[in-house]
> 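Dumping the structure here so I can ask a few things about it.
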Amino acid sequence: MKIYIDLHIHTALSPCGDRDMTPNNIVNMAKLKGLDAIAITDHNSCENAAACIKAGKVAGILVIPGMEIQTKEDVHSVCLFRDIESAINFQNLVYNSLPQLKNKPDIFGEQILYDYSDNIVGINERFLLTSSNLSFNEACNLVKKLNGAFIPAHIDRNSFSVIFNLGFIPDNLPIKTVEYRNYEDLKKMKDSKIVKPDYRFIKSSDAHYLWDILERESFIDVDELTVSNIIDVL
Amino acid sequence: MKVSDLVEKLNLKVVSGFDGLEKEVKGVYTCDLLSWVMSHAVKGNVWITVQVHPNIIAVASLLELSCIIIPEDIEVEDATLEKSNQEAIPVIKSSMNSYELCLKLSQIGV
């Protein structure tokens, strides 16, 4: 079956995420837009994923727990997991690899934690908007070990992308899918052979505001609408 | 000047790619965005970068750079060292930062 997705969405836990990016606002906006599944991918953290999964169940939309990791090369990658336990396991590894700095909310923005009813239940005080000490390769292999999917993010962007920072996608890693933002930019990269054509290319919004969330434009084929089926494909 | 000459003159530490020490060096390039390096560095350059991903060896080999200097004693990944041995691209470590390395390289005439 063909399902419409947006697998890169930030909540207000990401310092750059809008305050309106609460679990219920996100899942209901995604539902309104006609999506079948979304992923919650905050910078170096999964702490709002469980609340979004719960809110998604009520709204009737599938939510995949994830994270947008920033590896030590300043490269962003979307990491998706089959269950919240795997996501938290990975989060612990990432937290241990972040510099022990405190966030400065007045400069970078607040890092807000919600429950599934959109109540604020805490503030994450770690500085999340920075590089983990894990390398791109290490992060990819750790996510695979947890049976997740590792998707280099916005490869067509001129910052924080594997192509821009590392020149090309290392081909000795278990990467099947890569994410882009703009088809024209991706096409230029494919035409100039900067990126090999044999990846699965998915468009994601990297939404930091509610209105950024994709409409029914990015799809994949799965046997069944479950998190495991989606991750198998990716 | 050869890679081995600059290693000796600046008292640097070669960690891998020893087979490439007789390469001629021509100019210095320093940048950490590999896509930028791929389109701007030129053959023979000594390349200074804080990146230690195995891709640095592929870039150096593609452009026929003479060697890579990793500043500030940054630990280099094993996979990178392995690739550097295969491709005979010397990976050299230093406690100096990129700016200090540029100054020293300039002083010895690279």
Side-chain angles (χ1 to χ4, degrees), chain A residues 69-77 93 96-97 99 130-145 150 152-175 178 180-182 185-186 188-196 199, chain B residues 15-17 28-87 89 91 93-95 97-98:
Chain A
I69 190 174
Q70 181 171 321
T71 53
K72 74 175 176 194
E73 305 86 356
D74 273 7
V75 173
H76 287 183
S77 298
L93 297 169
N96 284 332
S97 71
T130 188
S131 286
S132 141
N133 195 32
L134 294 169
S135 71
F136 182 81
N137 293 22
E138 282 169 336
C140 177
N141 290 324
L142 285 169
V143 171
K144 284 290 153 180
K145 242 190 199 164
F150 184 84
H154 39 65
I155 62 160
D156 50 337
R157 246 183 78 175
N158 278 352
S159 56
F160 298 114
S161 94
V162 63
I163 306 266
F164 196 65
N165 293 27
L166 286 180
F168 55 93
I169 303 170
D171 57 9
N172 58 339
L173 294 172
I175 295 172
V178 296
Y180 70 96
R181 292 225 291 202
N182 178 297
D185 293 338
L186 174 71
K188 272 183 227 152
M189 297 176 91
K190 279 161 100 176
D191 290 346
S192 56
K193 301 200 163 67
I194 293 173
V195 56
K196 290 181 188 165
Y199 291 103
Chain B
V15 285
S16 61
V28 182
Y29 195 80
T30 176
C31 176
D32 305 312
L33 290 170
L34 272 56
S35 56
W36 192 268
V37 175
M38 279 163 88
S39 52
H40 292 84
V42 292
K43 187 176 170 178
N45 280 170
V46 172
W47 176 24
I48 306 169
T49 179
V50 300
Q51 293 278 14
V52 291
H53 189 277
N55 277 17
I56 62 173
I57 306 301
V59 171
S61 165
L62 179 79
L63 300 176
E64 298 180 61
L65 307 181
S66 53
C67 63
I68 302 171
I69 305 183
I70 310 290
E72 302 183 56
D73 283 331
I74 300 168
E75 205 55 49
V76 184
E77 295 169 29
D78 286 345
T80 305
L81 299 180
E82 221 170 89
K83 268 223 156 111
S84 126
N85 288 330
Q86 282 165 15
E87 298 291 328
I89 304 280
V91 171
K93 271 175 63 163
S94 168
S95 56
N97 67 27
S98 299

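Throughout, a chain's letter reflects where its sequence line sits, starting with A, and its residues are numbered from 1. Note that the structure is a prediction, hence the values are computed from the model and not measured.
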> Heavy-atom distance under 4.5 Å to chain B: side chain of A:I163, backbone, both or neither?
backbone
> Taking side chain as everything from C-beta outward and backbone as N, CA, C, O, which of these in B:V37 sits under 4.5 Å from a heavy atom of chain A? Side chain, backbone, both or neither.
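Neither part; nothing is under 4.5 Å.
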> Can you pull every donor-acceptor pair closer than 3.5 Å across chain B and chain A?
unit_1 : atom_1 : unit_2 : atom_2 : d
B:L34  : N      : A:N165 : O      : 3.0
B:S35  : N      : A:F164 : O      : 3.3
B:S35  : OG     : A:F164 : O      : 2.5
B:H53  : NE2    : A:N137 : OD1    : 2.5
B:N55  : ND2    : A:L166 : O      : 2.8
B:N55  : ND2    : A:F168 : O      : 2.9

